[in-house]
Amino acid sequence: MGHRGNDSNANSQQTDIGAALRNGREILFQAFNWESHKHDWWRNLERKVPDIGRSGFTSAWLPPATHSFAPEGYLPQNLYSLNSKYGSEHLLKGLLQKMKQHKVRPMADIVINHRVGTTQGHGGMYNRYDGISLSWDEHAVTSCTGGLGNRSTGDNFHGVPNIDHTQLFVRKDITAWLQWLRNNVGFQDFRFDFARGYSAKYVKEYIEGAKPIFSVGEYWDSCNYNGHGLDYNQDSHRQRIINWIDGTGQLSTAFDFTTKGILQEAVKGQLWRLRDPQGKPPGVIGWWPSRAVTFLDNHDTGSTQAHWPFPSNHIMEGYAYILTHPGIPSVFYDHFYDWSDSIHDQIVKLIDIRKHQDIHSRSSIKILEAQPNLYSAIIGEKVCMKIGDSSWCPTGREWTLATCGHRYAIWHK
């Protein structure tokens, strides 16, 4: 088995960094999709905050709130301007205030791998930031993307200047900006975009400097495929995500892309994939569940981009799996609000069961069946679940059916 890490380092951190990870009872909501910038988004979300809070979500990930060249927010330029295509700074602060009232923590989308320049510098490239806050020169840009800085400590994001995090002045400025988001603007959690682009040790430094309550990184790497499709064994894939988490000093969680990749193949009649050779879940949740954020889709994989979508007719089986299992589950806006009232209500019911039966990120799991059309497991000794076409129910009179739907059922004691 790969290196799992342990939680001792996080425990020695200040409470406000480690507390949410130790508690393990987070349920996240991705509060946007790829088209949200077209729909007066901060106002739209403000109307939904009471429902988001009532449904049991602890944190809502908002799209990038800073000024950006692209309307979606992922080509930032002036980091201190909070007027974006999603709405004005005034509307954003109103939304954050409403979230505070309903005890939903706002998660900021932190895009610090790259930054669009304002003026031409070295080599005629737009690699200077004159005339705006954080007015860096070419030394803030990696040499691999047209700057005078050092080589990148990760993968390149092509087409725009990539930020050189090896520079002390850059890290000081980014830390101060993150502290401003945290202490002045009102964001409490961070999501690190394109985390493959720079070394995880810098994420550790930024978390220690700004002290978000909860952090998650997007370490999106390709799963292992062969001529016939997805490999059964994805250990090297989940190991790379775990190495990144370790590199953050275990202070950040990471999206469990391994579980997504396996689960979306498994639900098509290959549910045997959901048990690894050691009898554990085959994603990051099988090795380090307290740091694994499980999800079915996001603004990249689903929505109108649909780069790697979860099969739409199996969505509820997917949620029945991640909302009953260890790890930290996340629900996607489209599924919750755009698909149907029925799906919204079924997801709320699953969250309700998770909370009432006290399933958390480190809950025990015993996988009972993993056949082509049947998967079943007991989680935390108090919840039993099954997905797939085959009919099945747990033996023993202590089990009561809590909820069921198309191809899934949940029991509790």
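It should be emphasised that the depicted structure is a prediction, and the values quoted were computed from it without experimental measurement.
Atom NZ of Lys366 has 12 or fewer heavy atoms from other residues, nucleotides or ligands within 6.0 Å. The environment of His39 atom NE2 is dense: over 12 non-hydrogen atoms of other residues, nucleotides or ligands sit within 6.0 angstrom.
With a 6.0 Å cutoff to the six-membered ring centre and a 45° limit on the axis angle, Arg115 counts as a cation-pi contact of Tyr129. Relative to the ring axis of Trp41, Lys85 does not place its NZ or CZ within 45° and under 6.0 Å from the centre. Cation-pi geometry between Lys280 and Trp287 is not met at under 6.0 angstrom from the ring centre and within 45 degrees of the axis.
Side-chain contact, Ser36 with Asn33: a donor N or O sits under 3.5 Å from an acceptor N or O. Looking only at atom types and distance, the side chain of Asp189 has a donor-acceptor partner in the side chain of Ser59 under 3.5 Å away. Looking at Thr258 and His237, their side chains do bring a donor and an acceptor atom within 3.5 Å of each other. There is a side-chain donor-acceptor pair under 3.5 Å between Tyr337 and Asp51. Under 3.5 Å, the side chains of Gln179 and Arg182 contain no donor-acceptor pair of N or O atoms. For Asp334 and Trp339, the side-chain atoms include no donor-acceptor pair closer than 3.5 Å. Side chains of Tyr319 and His314: a donor-acceptor N/O pair is absent below 3.5 angstrom, by distance only. With 3.5 Å as the limit, one finds a donor-acceptor pair spanning the side chains of Thr259 and Asp256. Side-chain N/O atoms of Asn150 and Thr166 include a donor and acceptor closer than 3.5 Å.
Counting heavy atoms from C-beta on, the side chains of His165 and Ile112 come closer than 4.5 Å. Counting heavy atoms from C-beta on, the side chains of Tyr375 and Glu317 never come closer than 4.5 Å. Side-chain contact between Asn313 and Val267 is absent, with no heavy atoms from C-beta onward closer than 4.5 Å. In this structure, the side chains of Gln77 and Thr118 come closer than 4.5 Å at one or more pairs of heavy atoms. Lys382 has its side chain within reach of Gln357: a pair of non-hydrogen atoms, C-beta onward, lies under 4.5 Å apart. Here the side chains of Trp244 and Arg196 are not in contact, with every heavy-atom distance at 4.5 Å or above. Looking at Ile241 and Asp221, their side chains never come closer than 4.5 Å, going by heavy atoms from C-beta outward. By the 4.5 Å heavy-atom criterion applied to side chains, Met107 and Gln188 are not counted as neighbours.
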When you look at Asp164 and Tyr198, which way does the side chain to side chain donor-acceptor pair (under 3.5 Å) test go after all the steps? CA-CA 8 Å; Asp164 180 9; Tyr198 50 99; over 6 Å; no

What do the steps show when you test Asp352 against Arg354 for salt bridge (Lys or Arg N to Asp or Glu O under 4.0 Å), and what is the final call? CA-CA 5 Å; Asp352 202 47; Arg354 184 181 186 88; over 6 Å; no

Start with the C-alpha gap between Glu205 and Arg171, add the side-chain angles, then the distance that decides, and say whether salt bridge (Lys or Arg N to Asp or Glu O under 4.0 Å) holds. CA-CA 8 Å; Glu205 187 175 327; Arg171 296 203 304 281; 3.0 Å; yes

Take Lys355 and Asp358, measure what salt bridge (Lys or Arg N to Asp or Glu O under 4.0 Å) needs, and give me the verdict at the end. CA-CA 5 Å; Lys355 292 209 163 203; Asp358 199 31; over 6 Å; no

Show, in sequence, the C-alpha distance, side-chain angles and deciding distance for Arg273 and Glu265, and conclude whether the salt bridge (Lys or Arg N to Asp or Glu O under 4.0 Å) test is met. CA-CA 8 Å; Arg273 292 180 177 276; Glu265 294 305 313; 5.6 Å; no

Please assess Trp136 against Gln167 for the test side chain to side chain contact (heavy atoms under 4.5 Å, CB included), listing each intermediate value before the final yes or no. CA-CA 11 Å; Trp136 300 334; Gln167 307 283 358; over 6 Å; no

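Considering every non-hydrogen atom in both Ile328 and Ser290, the closest pair reads CD1-O, 3.6 Å. In terms of heavy atoms, Pro289 sits closest to Ser361 at CB-O, 3.1 Å. Taking both residues in full, the closest heavy atoms of Tyr126 and Pro161 are given as O-CG, 3.2 Å, listed atom of the first, atom of the second, then distance. Taking both residues in full, the closest heavy atoms of Leu230 and Gly261 are given as CD2-O, 3.5 Å, listed atom of the first, atom of the second, then distance. Heavy-atom minimum distance, Leu62 versus Pro106: CD1-CB, 4.5 Å. The two residues Ser363 and Ile359 make their nearest non-hydrogen contact at OG-CA, 3.5 Å.
Ring geometry for Phe257 against Trp220 counts as parallel: the plane angle stays under 30°, on a 0 to 90° scale with 60° as the upper cut. Aromatic ring pairs are classed by plane angle as parallel below 30°, tilted from 30° to 60° and perpendicular above 60°; the pair Tyr333 and Phe29 is tilted. Aromatic ring pairs are classed by plane angle as parallel below 30°, tilted from 30° to 60° and perpendicular above 60°; the pair Trp61 and His299 is perpendicular. Between Phe69 and His67, the two ring planes are perpendicular [angle over 60°; tilted spans 30° to 60°].
You'll find the ring centres of Phe192 and Tyr202 outside the 6.0 Å limit.
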Residues 92-100, side-chain donor-acceptor partners within the protein, below 3.5 Å, at least two apart:
| residue | atom | partner | partner atom | Å |
| --- | --- | --- | --- | --- |
| Lys93 | NZ | Glu89 | OE2 | 2.9 |
| Lys98 | NZ | Glu46 | O | 3.3 |

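Of the possible polar contacts, one joining the Asn127 side chain to the Gly146 backbone as a donor-acceptor pair under 3.5 Å is found. In terms of modelled atom types and a separation under 3.5 Å, the side chain of Thr248 and the main chain of Ser252 share a donor-acceptor contact. Asp297 contributes a side-chain N or O that, together with a main-chain N or O of Phe310, makes up a donor-acceptor pair within less than 3.5 Å.
Classification of Glu369 and Arg275 as a salt-bridged pair fails, no side-chain N sitting under 4.0 Å from a carboxylate O.
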